[in-house]
2 protein chains.
Amino acid sequence: MNANPVSNANSSAPESGAPASASGSSTAAPAASPSPTFSPLYQQIKGLITQSLESGEWKPGEIIPSEVELAARYKVSQGTVRKAIDELAADNLLVRRQGKGTFVATHNEERAQFRFLRLLADDGAEHPHVSRLLECRRLRASAEIARQLDLKPADPVVLIKRLLQFDGESTVLDEIWLPGGVFRGLTAERLAEYKGPLYAMFEADFGTRMIRATEKIRAVAAEPAVADLLNVPAGFPLLSVDRVSYTYGDRPVEVRRGWYVTTGYYYQNDLS
Amino acid sequence: MNANPVSNANSSAPESGAPASASGSSTAAPAASPSPTFSPLYQQIKGLITQSLESGEWKPGEIIPSEVELAARYKVSQGTVRKAIDELAADNLLVRRQGKGTFVATHNEERAQFRFLRLLADDGAEHPHVSRLLECRRLRASAEIARQLDLKPADPVVLIKRLLQFDGESTVLDEIWLPGGVFRGLTAERLAEYKGPLYAMFEADFGTRMIRATEKIRAVAAEPAVADLLNVPAGFPLLSVDRVSYTYGDRPVEVRRGWYVTTGYYYQNDLS
DNA sequence: TAGTGGTCTAGACCACGTG
DNA sequence: ACGTGGTCTAGACCACTAT
């Protein structure tokens with residue numbers, strides 16, 4: 001009854017006599033301070049579940065143990081693991097399905113794709129797109145890329161250039177930098193043959209799951225080289241989207257610069 | 001023990017005999033289907049609290065009754081109102097402050113301002129800005145504006161044009177349309193004298209609180225008139241931001257077209 | 001010291017998806 | 001019929017803020 005994962009003093013249950021309620025965190029006699037580093041139990045459980053996700057104990061798309069099972073495993077009540085799972089579901093790491101179970105989120109779901117490419121046609125419809133690989137090579141990180149990927153300058157990186165076509169129109173040009181260490185086996189062939197979202201391949205083939213990203217958006221005039229690839233005149237206004245994506249532990253694992261043609265399409269954002 | 005707000009059949013407590021579990025919603029005899037319109041208790045409570053917010057029973061910045069008080073008022077357990085408040089806090093309608101109470105959110109808070117103007121300087125800092133009123137007049141809604149504001153064409157609307165200056169540089173040009181009925185007393189004088197965010201004035205003076213908004217973002221070439229006001233050459237690439245803001249009940253109450261100069265500044269977006 | 005939100009538990013019952 | 005997540009309750013205790 002007292003083998004909690006990290007322990008924050010949690011022994012309720014009027015078992016033997018002893019009212020027992022030793023209260024929080026400090027251990028020795030005079031009690032240094034009330035709670036220097038207090039962390040709720042459900043947060044600790046959340047951390048443990050996250051570890052299992054990161055280690056691959058439960059893979060994307062798979063079901064995880066039921067709430068009762070996890071409660072038994074961690075020696076806490078069902079309500080506590082429930083609150084932990086609630087937050088992980090809110091963070092898009094898990095997906096609950098009533099009557100079935102709780103599943104590890106994956107970038108293959110319809111819903112997940114829109115989170116990272118928010119381009120809609122003027123009529124509001126979500127158009128399918130095809131990717132055309134332009135380039136994929138390994139090189140040494142520039143100072144700027146190294147900084148953003150938390151690498152050392154001249155560390156190996158992979159550079160991918162690709163074109164996204166909506167209804168046959170070239171609409172998005174992407175330059176993608178990935179840390180060479182993590183994406184060791186990534187080749188142009190593998191990229192060319194793969195259908196579906198890049199992030200789905202990353203999580204399936206390289207065990208690297210994109211959790212969140214930040215984007216810096218600007219309006220810029222198309223440089224000649226870019227304009228050429230996107231079939232617009234030089235100087236044409238483009239949306240410039242600088243993205244950094246993070247995986248578990250908020251470690252950056254992708255830097256991406258995109259140019260979007262926004263005639264007929266727009267970037268959708270919800271402020272809520 | 002049985003005066004619940006909407007009733008979904010919820011009488012636990014082994015009181016008298018009767019197992020009692022008449023189950024959900026349908027009223028007449030043969031019971032159409034198991035639960036055609038099931039809504040959890042806490043959702044109903046959430047609705048009741050929202051009504052009180054909308055009606056002005058608790059105003060922005062004010063404290064609302066404690067969880068125990070609300071539980072007594074609605075005849076439910078504290079845990080149920082807690083879950084209702086949790087969601088309202090997640091929706092940014094309420095703000096919880098441990099040890100103090102729960103408060104009605106307001107657009108005056110530091111935190112709230114960034115939700116609706118996500119422009120940061122290249123160094124990542126959030127710069128203060130001043131607003132310069134260019135125009136404020138009443139007119140009849142065009143077909144397009146009427147549609148977006150859910151009005152009839154030629155209904156009265158207010159049009160505001162203003163310039164936002166960051167560090168003295170003209171950076172944002174806004175055209176704002178508001179329904180004339182709701183914003184009856186809005187004048188250029190009132191606008192000119194008011195310091196602070198527009199939305200803070202709207203909620204204080206007109207009882208209209210912006211809850212959420214959607215934005216459609218494009219890159220466009222500056223038209224001469226716009227370019228002139230923003231001190232950029234005609235044809236300069238600008239961020240075009242089309243916003244529709246909604247209040248309680250998802251009713252649209254503002255349409256806004258903004259042009260942003262993104263040299264030295266960028267639009268920040270978080271995908272999570 | 002008292003009041004507020006925050007955490008944790010334990011148990012009952014409901015809705016949903018399978019057999 | 002059974003197992004899963006989803007709702008609801010009741011009560012205990014903790015952490016924070018004010019008086």
Side-chain angles (χ1 to χ4, degrees), chain A residues 1 4-5 7-15 19-26 31 33-46 63-72 74-89 94-103, chain B residues 1 4-5 7-15 19-25 33-46 63-72 74-89 94-103:
Chain A
M1 253 296 181
N4 277 337
S7 97
N8 240 335
N10 241 80
S11 25
S12 50
E15 246 175 318
S21 171
S23 107
S25 48
S26 78
S33 62
S35 64
T37 58
F38 169 72
S39 163
L41 232 197
Y42 76 86
Q43 288 285 6
Q44 304 175 29
I45 304 301
K46 190 181 170 186
I63 194 172
I64 73 169
S66 75
E67 295 179 352
V68 253
E69 280 179 274
L70 290 173
Y74 298 130
K75 303 270 193 5
V76 299
S77 83
Q78 182 183 354
T80 299
V81 336
R82 170 158 267 275
K83 184 146 189 183
I85 293 180
D86 277 346
E87 292 207 351
L88 289 167
L94 295 176
V95 177
R96 293 178 167 287
R97 282 199 244 279
Q98 178 170 151
K100 298 167 105 175
T102 302
F103 300 77
Chain B
M1 253 294 183
N4 277 337
S7 97
N8 240 334
N10 242 82
S11 26
S12 48
E15 246 173 321
S21 172
S23 111
S25 47
S33 64
S35 63
T37 58
F38 169 72
S39 164
L41 233 197
Y42 75 86
Q43 287 285 6
Q44 304 175 30
I45 304 300
K46 191 180 169 187
I63 194 173
I64 73 170
S66 75
E67 295 179 352
V68 258
E69 280 179 274
L70 290 173
Y74 298 130
K75 303 269 195 3
V76 299
S77 83
Q78 183 183 354
T80 299
V81 337
R82 170 159 266 275
K83 183 145 188 181
I85 293 180
D86 276 346
E87 292 206 352
L88 289 166
L94 296 176
V95 176
R96 320 190 78 136
R97 283 199 243 279
Q98 176 169 158
K100 298 171 136 179
T102 302
F103 299 78

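What's counted below: heavy atoms across the whole structure, side chains too, no hydrogens, waters or symmetry copies. Chain A is the first sequence line, chain B the second, and so forth, proteins listed ahead of strands; every chain is numbered from 1.
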### Task
Please check the phosphate of dT7(D) (OP1 and OP2 only) for any side-chain N or O of Thr80(B) closer than 4.0 Å.
no
Which pairs of donor and acceptor atoms, one on a side chain in residues 79-86 of chain B, lie under 3.5 Å apart (sequence neighbours left out)?
residue  : atom : partner  : partner atom : Å
Thr80(B) : OG1  : Ser77(B) : OG           : 3.4
Arg82(B) : NE   : Glu67(B) : OE1          : 3.4
Arg82(B) : NH2  : Glu67(B) : OE2          : 3.3
Asp86(B) : OD1  : Arg96(B) : NH1          : 2.4

### Task
Treat a base pair as Watson-Crick or G-U wobble with both distances under 3.5 Å, then lay out DNA chain C in dot-bracket form, 5' to 3', with | for cross-strand pairs.
||||||||||||||||||.
### Message
Between P on dC8(C) and CD1 on Ile45(A), what's the gap in Å once rounded to a whole number?
### Response
9 Å
Just the atom pairs and distances: protein N or O near nucleotides 3-6 of chain D's N or O, under 3.5 Å.
residue : atom : partner   : partner atom : Å
dG3(D)  : N2   : Gly99(A)  : O            : 2.9
dT4(D)  : O2   : Gly99(A)  : N            : 3.3
dG5(D)  : OP1  : Thr102(A) : OG1          : 3.3
dG5(D)  : OP2  : Glu67(A)  : N            : 3.0
dG6(D)  : OP2  : Arg82(A)  : NH2          : 3.0
dG6(D)  : OP2  : Arg96(A)  : NE           : 3.2
dG6(D)  : OP2  : Arg96(A)  : NH1          : 2.7

#### Entry: Pairwise side-chain contact, Leu94(A) with Ile64(A), heavy-atom cut-off 4.5 Å (strictly under)
yes
### Message
Using the rule given for side chain to side chain contact (heavy atoms under 4.5 Å, CB included), can you reason through Tyr74(B) versus Gln44(B), listing the C-alpha separation, both sets of side-chain angles and the distance that settles it, and then say yes or no?
### Response
CA-CA 10 Å; Tyr74(B) 298 130; Gln44(B) 304 175 30; over 6 Å; no
### Message
Checking Val95(A) against Thr102(A) for the side chain to side chain contact (heavy atoms under 4.5 Å, CB included) test, could you report, in this order, the C-alpha distance in whole Å, the side-chain angles of both residues, the deciding distance, and whether it holds?
### Response
CA-CA 6 Å; Val95(A) 177; Thr102(A) 302; over 6 Å; no
### Task
Rounded to the nearest angstrom, tell me the gap between atom NZ in Lys75(B) and atom C1' in dC8(D).
17 Å
### Message
Looking at Gln43(A) and Pro40(A), would you say the former's side chain and the latter's main chain have a donor-acceptor pair under 3.5 Å?
### Response
no
### Query
How long is the line joining NZ of Lys46(B) and P of dC8(D), in whole Å?
13 Å
